[in-house]
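Notes for the one structure printed next.
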Amino acid sequence: MHQGLDELFSPAQVSRDPADLAVWGRDWTTSYPANATAVVFPKTIDEVVGLVKLANRERLSLVPSGGRTGLSGGAVASNGEIVVSFDKMNQIIGFNPADRLVTCQPGLVTANLQAFARAKGLFYPVDFASSGSSQIGGNIATNAGGIKVIRYGLTRDWIAGCRVVTGSGELIDCNHGLIKNATGYDLRHLFIGSEGTLGFIVEADVRLTAPPEPQRVMVLGVPVFRDILKVLAAFQDKLTLSAFEFFSDLALTKVRAHRDLQSPLSSPCPFYALVEFDESSLPAAEAVFEATVEAGWVVDGVLSQSEAQAAALWQLREGISESIAAYKPYKNDLAVRISDMPDFLDDVDALVSRSYPDFEVCWYGHIGDGNLHLNILKPADLPLDQFNARCHEISPTVFDLVAQRNGSISAEHGVGLLKRDFLDYSRSSGELGLMRSLKNVFDPNGIMNPGKLLK
Ligand code: S2G
Ligand code: ZN
C-alpha cells in the first residue's frame, strides 16, 4: 500500500505496524478512532517536499502529528490517512543572540525550547501544562496560548519566521526572522493556527525575550464567580500580571485527590484565582489583596514564600487537565471579551446547572485573557457515547451564548474535528467562504489534513 512511501523513506522512517498506527493516529481527544494507513517520520525538509508531491500525485491524505497533545482531534487519522510525524525533526538548528532568535525544527518539544532559552539567559514565555510533550510545530499550527497570554501573548506573537511546505509541495520562507517587514501580506500568519490544513511548518525562527524577575504567586478564595473579574481589574490597575487563572472548588478537589495535594486555604471556597506577578510588585499586590478582602470579593489567600511553594500552587491549576482525564470530560474551550465575561459567566453557569443537574461540571481557565475551560465529567455508570450525545445536545445553546457576544467557540485548543461543525457560531459565512478559498489556493488537491477545521 502506497509503495511510493518506501521509495521516499528508509524502512525505519515508515511504519504500517498497527501498534504504531494506534499511537501516532491520534491525539489527546478520545472521541475519534485512530485508523491510519501508515505513519512516516521525515528527517529533512526535502523529504517533506517529496512526500507532499507524492501525495498530490497519488491523492494521499496527510495528517501532521507533533506531540499529539491536541484536544480537538486536529492530529487524528480516522480515515486511512498517512500520519506525518515530526518526531525525527526535533532539533535546534540555529541561535543568534543578537537577534534573540532560535531556529528550530517542528518536532522540538516545547519544554526543550524553554530550557534552551534559559541556558542562553533568555526566556520563551509561551507555557501550558502539556509543554513537556507538545512540539513547537504543533504549537504554531494551533497558535497555542496557555497560562502567560495575559503578559506575553500567544505563540503567533513569537514566530519571527517559518519555512512551510504548502499543500502543493511548494517550500516558502515566511518573513526571514525580521522584526519589521512591510512588503505585503504576511503569509506567516496564515499558516500559524491553520492546523496543518494549508501547509506543514518544517522550520521556525522563534523569538526569545529577557527572563522576568523572580515571580510570586497568590491563590485567592473567591466565593462569587463574577467577582473574579473585579479582582482581576483591581490587580491590573496597580501592577503587571504574569498570569491570572481561575478554577472551581470541584477542579481543586479533583487535582488534590489525583495528586495527593494539600488545600491552599484553610477552608474550601467555591472559586479560586491564581495570580502571578513580579517580586518587585509584591507591596502593590499585598495592598490589592487587602482591598479585595475589604470589598468582600476575596475571603482568604495564600502567598508563595519560595519557588517550590509557587510551583506547588501552580500544580493546583496546571494539574487539572490530567486529573480529570479519567472522567473522559466533554470539553468546551470558550472565549469572550473581558468586558463580556461577568454576564457570560452567569449565563453559562445557569445553563449548565439547568442542563446538567446530574453531571459534575469543572470550571477552570485563563480568565485574565477571557478564556474559560468548561469540562463536563462523565458519570462512571454512563456509557461514553451516551454521555457525549447528551453533552453534544446542548453545545448549540452554549455556543449561542458565545455567538451573542461575538466570542470564540474555540479559544486556544483549535477546531480540528471536534468544533468543525460549529464554526459558524464564531465565523461569518463570508469569512468561511474566504477560508475555503484560501484552502483551495494552498492545498488545491485537498490532501493537507482533510476534514479538519473546514468541512
Ligand atoms: C488548560 C489544558 C487542556 C484542557 O488547562 O488550560 O488548556 O484539559 C487547558 O483543557
Ligand atoms: Zn487552557
Side-chain angles (χ1 to χ4, degrees), residues 13 40-52 64-67 69 84-128 130-146 148 152-166 169-196 198-211 442:
Q13 289 177 270
V40 295
F41 300 90
K43 292 180 179 172
T44 66
I45 290 176
D46 285 349
E47 286 179 352
V48 178
V49 171
L51 171 65
V52 174
S65 175
T69 60
V84 186
S85 167
F86 291 101
D87 286 1
K88 295 186 189 306
M89 292 175 73
N90 63 354
Q91 296 302 303
I92 287 175
I93 55 179
F95 169 64
N96 189 313
D99 301 322
R100 287 185 165 182
L101 277 185
V102 188
T103 300
C104 56
Q105 294 184 304
L108 177 68
V109 171
T110 312
N112 293 347
L113 172 61
Q114 292 167 338
F116 178 85
R118 276 196 300 275
K120 297 295 181 185
L122 294 170
F123 182 55
Y124 179 64
V126 181
D127 195 17
F128 26 76
S130 58
S131 60
S133 312
S134 69
Q135 297 176 5
I136 192 68
N139 297 165
I140 297 169
T142 57
N143 188 26
K148 308 277 184 169
Y152 295 104
L154 296 117
T155 300
R156 177 182 304 283
D157 302 305
W158 295 88
I159 305 305
C162 54
R163 263 64 70 205
V164 180
V165 178
T166 69
E170 191 184 0
L171 175 61
I172 58 171
D173 187 348
C174 301
N175 203 55
H176 312 292
L178 295 172
I179 296 169
K180 289 188 173 176
N181 180 8
T183 55
Y185 308 136
D186 189 339
L187 299 183
R188 166 184 44 158
H189 289 297
L190 283 177
F191 296 110
I192 299 171
S194 65
E195 301 182 32
L198 303 180
F200 290 166
I201 290 146
V202 289
E203 204 172 270
D205 305 316
V206 184
R207 289 195 310 115
L208 303 180
T209 189
F442 288 102

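For Lys43, there are no salt bridge (Lys or Arg N to Asp or Glu O under 4.0 Å) partners at least two apart in sequence or on another chain. Qualifying side-chain hydrogen bond (donor to acceptor under 3.5 Å, both in side chains) partners for Asp46, counting only residues two or more places apart in sequence or in other chains: none. Residues forming a side-chain hydrogen bond (donor to acceptor under 3.5 Å, both in side chains) with Ser130 (at least two apart in sequence, or on another chain): none. Asp173 meets the salt bridge (Lys or Arg N to Asp or Glu O under 4.0 Å) test with Arg163; sequence neighbours excluded. Looking at residues two or more places apart in sequence or on another chain, you find a side chain to side chain contact (heavy atoms under 4.5 Å, CB included) between Asp87 and Trp24, Phe41, Arg68, Ser85, Gln135. Among residues two or more places apart in sequence or in another chain, the side chain to side chain contact (heavy atoms under 4.5 Å, CB included) test is passed with Ser194 by Phe191, Thr197, Leu198. Asp157 pairs by the salt bridge (Lys or Arg N to Asp or Glu O under 4.0 Å) definition with nothing, not counting sequence neighbours. Shown here are the side chain to side chain contact (heavy atoms under 4.5 Å, CB included) partners of Asn96, two or more places apart in sequence or in another chain: Ala98, Asp99. Residues passing the salt bridge (Lys or Arg N to Asp or Glu O under 4.0 Å) test with Arg207, sequence neighbours excluded: none. Evaluation of the side chain to side chain contact (heavy atoms under 4.5 Å, CB included) rule for Ser133 yields Thr69 as partners, not counting sequence neighbours.
Judged as a side chain to side chain donor-acceptor pair (under 3.5 Å), the pairs with a partner in residues 113-124 (not counting sequence neighbours) are, in order, Gln114-Asp127. Within the structure, ring-ring contact (aromatic ring centres under 6.0 Å, His included) pairs that include any residue of residues 86-111 comprise Phe95-Phe116 (at least two apart or interchain).
Side-chain atoms of Arg188 never come within 3.5 Å of backbone atoms of Cys162 as a donor-acceptor pair (strictly under, hydrogens ignored).
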